[in-house]
Protein chains: 2
Amino acid sequence: MSKSNNVYKDAYNRCLRLLDETRSLPSEPELGALLGVSRTTVRSILARMEETGLIAWNKRAKTVLRDPRSDDFFPEEETDTLAEIIERSFMRRLLAGGAEAGMQINELELAREIGVGTTSVREFLIRFSRFGLIEKRRNSHWVLKGFTRAFALELTEIREMFELRSAAAFTALPQDSPVWGDLDRLEEEHRLLRREIATRFNEFSELDERFHRLIHRASHNRFIVDFYDVIAMIFHYHYQWNKAQERERNEVAIGEHLTYIEALKSRDLGKVDAACRKHLKSARQTLLTSIPESRPSQKS
Amino acid sequence: MSKSNNVYKDAYNRCLRLLDETRSLPSEPELGALLGVSRTTVRSILARMEETGLIAWNKRAKTVLRDPRSDDFFPEEETDTLAEIIERSFMRRLLAGGAEAGMQINELELAREIGVGTTSVREFLIRFSRFGLIEKRRNSHWVLKGFTRAFALELTEIREMFELRSAAAFTALPQDSPVWGDLDRLEEEHRLLRREIATRFNEFSELDERFHRLIHRASHNRFIVDFYDVIAMIFHYHYQWNKAQERERNEVAIGEHLTYIEALKSRDLGKVDAACRKHLKSARQTLLTSIPESRPSQKS
DNA sequence: AAACTGTTTTTTCCCGATAAAAGACATTAA
DNA sequence: TTAATGTCTTTTATCGGGAAAAAACAGTTT
């Protein structure tokens, strides 16, 4: 067993949802493009759909025979990539306490615990290292630096630097740039979400990420754009971790975003700067309050 | 053959150089700390040194019997880590032309060409990806983004942002901080190098890196400090690539560094800002001129 | 009893192998 | 003659295994 077929399973599930909408499926290359997989995988999917009586498949004709039932779907947990599985396990350990800074990370132990090969764990750790939470000792183990107050401050310092610059670049974008349309749509989504905040408040984090990524992209700088991955990762887990006053926090953030959007649309640099600073300051505050204050270290 | 013993060979060579200086070697743990390896490796080294008649080894007594000859050393190329070997091969390909942006990178082919396993190549590519020169397509190959003008501009934009901030932080450091001593020593080295610039101009790049790292460290921000790895990597290969007017360029840079150091010591923020800006501007210029202007693309 | 040496266990690093997935080539239908 | 399908080849993702190196443990020496 060398490679799981999660790509196939995930694409299969997504393809099932497509079945509801049409009477017949498009061509193999088209389906591949739609699902983001190769034709090889598309054909495996079609083969199984034929087998389970979902479609009749003869060359170009792929007729839908029946609606998918819930037991046609592969279980959710089988559709995750190994990287996702490892990241989740790792972050659970990291956030579930008992993860003191300085603690060493054992590849073999992690691999055994998660039930995967060491290679995958190694690759994960290498990829993960750019988030600044772990560090490698030459020819030796990894060291946990910890999700500390210092980390949050360093992270937000860069974030503020980058976002202020991106926001300024944003206002300088020509009127016919498609970003203005994107911004209008995001604004609309914000207004919608605010109206239904009572029930949909947990949808904010996804909207938040799309909004900030749009702004960062205006920098046209790959290092700034890529850095948002670090922020997104931290906030992703932060949102899962810190549920205190989630509704209120998100409501406030939506308001700040709308002010920020207005400022961007006015193209008034002073206003943009102020709105951006204000929002980032409160974002930093929320992040900081969610960090469990570690006992003051006995000595330097 | 699963793992080369380059750690042992490299440490052995370094240990040989130690032999010149003393009549007897220190304890095993001490030697390990000195060479940065474990006791296991130290003992392998001692075992071989005894075998080749370099030392007499009996428990604590490790007496030097003769001076090492040049054929006692392991060949240089056997002391490199796999990661170094792969990086060098990869960068040679990248800089030796024929590496158009958009070209796809084949792990298997790279591994075969360099004569290493695919795992090592994969790990290298993952580590290397943070430099922003390559990018991974999900479930598929890597894509070369190319060492282009755009890359250099994006890199230097961040560099300038980070260094200006670090330099400002530097001036705010208390008088009793050890960095002022470090700075004095670096200044002395600069003066020395300037005096002997005619013969030692190629030693500048190493001094340059130490100087800028010292400044970046003052930011106390891991993301800023880590980003210098990207700059160092690019400049490392840039120095090997672009030898045009190396002496002149380095002489100018030394002058700029000295002004910059004076400014830091004066703790006058305005002066620091000006000196830093001036130096970074000329550094950017040198980098830009070394980039082969690619033919304007036929169409978007 | 502190610091060393001798020995054993564990972990890291790296390869080769294999199934999944992508990609290329050949063939056929509209 | 274009765009699909059918078939074959190559590449990627992942595992298990084994040597190098680190780390832990036990026994000695000063």
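Proteins get letters first, then strands, A, B, ... in listed order; numbering begins at 1 in each. All values derive from a computational prediction rather than experimental measurement.
Cation-pi check for A/Arg48 over A/Tyr12 is met; the charged atom lies under 6.0 angstrom from the ring centroid and within 45 degrees of its normal.
Among the nucleotides D/dG17, C/dC15, C/dC25, the one closest to the side chain of A/Thr118 is D/dG17. When each of C/dA21, C/dA22, D/dA21 is scored by its nearest atom to the side-chain atoms of A/Val37, the top-ranked nucleotide is C/dA22.
Contacts of B/Leu46 with the nucleic acid, taken as non-hydrogen atoms under 4.0 Å apart, are absent. At the heavy-atom level, B/Arg137 lies nowhere under 4.0 Å from the strands shown.
Between the side chain of B/Ser38 and the base of D/dA23, no donor-acceptor pair under 3.5 Å is found. The base of C/dG23 sits with one of its N or O atoms less than 3.5 Å from a complementary donor or acceptor on the side chain of A/Thr40.
Atom pair A/Trp142:CH2 and C/dT11:P shows a separation of 17 Å (rounding to whole Å applied). Separating the CZ atom of B/Arg43 from the P atom of D/dA24 is a distance of 17 Å, rounded to the nearest angstrom. When rounded to the nearest whole Å, the span between CD1 of B/Ile126 and P of D/dT12 equals 12 Å.
The ring of B/Phe147 has its center no closer than 6.0 angstrom to the ring center of B/Tyr237.
The closest donor-acceptor contact from the side chain of B/Asn221 to the backbone of A/Glu154 lies under 3.5 Å. A/Thr79 places a side-chain N or O within donor-acceptor distance of the main-chain N or O of A/Glu76, the cut-off being under 3.5 Å.
Contact annotation: B/Lys136 reaches the phosphate of D/dA13 (side-chain N/O to OP1 or OP2, under 4.0 Å).
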